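Here is the structure we will look at.
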Amino acid sequence: MMEGPNGDPHFFINVADIHLSAKAGYFASMYKRFGNLCYVLGALRGFWGHSNRDLRIKVNGGEWRTVDKVTALCVGNAKYFGGGMKITPTVDPFSGDLQVPKPVKINFTI
């Protein structure tokens, strides 16, 4: 369960993601006619014009913490998402626990 901005619970199964990975998933849905290639096309389109953002997170009722320049953050109770990416590799979907991989930071400058 995740808590929304007004405190309402949001339930999910599999993996919830924000920022670049969510943007890539949105764009991938436009290319479903290309099969699993849609995820590659969605990622490429998501990268176009992307900029990292600071993210405030709070885990298990702890203190709010700011992570600077985050590319993506995923929270999951299943191992695979986005066409087979193993983003939360050791999670057990029957344990009731969620796994949060370290927030991803990718530098897009060349």
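It should be emphasised that the depicted structure is a prediction, and the values quoted were computed from it without experimental measurement.
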Tracing side-chain contacts under 4.5 Å among Ile, Leu, Val, Met, Phe, Trp and Tyr outward from Leu41 reaches Tyr26, Phe27, Met30, Tyr31, Phe34, Leu37, Val40, Leu44

Heavy-atom check, side chain of Leu98 versus side chain of Val91, under 4.5 Å
no

Taking every heavy atom of Cys74 against every heavy atom of Asp17, the minimum-distance pair comes out as SG-CB, 3.7 Å

**Q.** Verify same cluster id: Val75, Ile18 (apolar side-chain graph, 4.5 Å)
**A.** yes

Exercise. Spell out, as yes or no, whether a donor-acceptor pair under 3.5 Å connects the side chain of His19 to the backbone of Ser51.
Key: yes

For Asp54, the side-chain contact (heavy atoms from CB on, under 4.5 Å) test, sequence neighbours excluded, returns Thr66, Asp68, Lys69

Problem - Candidate pair Thr71 and Asn52, rule side-chain contact (heavy atoms from CB on, under 4.5 Å), full reasoning - result: CA-CA 5 Å; Thr71 305; Asn52 292 342; 3.0 Å; yes

Can you find a pair of side-chain heavy atoms, one from Val67 and one from Ile57, that are under 4.5 Å apart? yes

* Asked: Distance-only, no hydrogens or angles: does the Asn77 side chain make a donor-acceptor pair with backbone N or O of Pro93 under 3.5 Å?
  -> no

Requested in this report: With the side chain counted from C-beta on, respond yes when Val100 and Leu73 share a heavy-atom pair under 4.5 Å apart, and no when they do not.
Outcome: yes

Here the pair of heavy atoms bringing Asn14 nearest to Ala78 is OD1-CB, 3.1 Å

With sequence neighbours left out, the residues meeting side-chain hydrogen bond (donor to acceptor under 3.5 Å, both in side chains) with Thr90 are Gln99

Those residues at least two apart in sequence (or on a different chain) that pass side-chain contact (heavy atoms from CB on, under 4.5 Å) with Lys58 are Trp64

To the nearest 0.5 Å, atom CD of Glu63 lies from atom CZ of Arg56 at 10.5 Å

Hits for side-chain hydrogen bond (donor to acceptor under 3.5 Å, both in side chains) against Lys79, two or more places apart or cross-chain, chain-then-number order -> none

Contacts of Ala24 meeting side-chain contact (heavy atoms from CB on, under 4.5 Å) (sequence neighbours excluded), chain-then-number -> Ala43

### Message
I want to check something: taking the side chain as every heavy atom from C-beta on, are Tyr39 and Lys32 in contact at a cut-off of under 4.5 Å?
### Response
yes

- With the side chain counted from C-beta on, respond yes when Ile87 and Tyr80 share a heavy-atom pair under 4.5 Å apart, and no when they do not. no

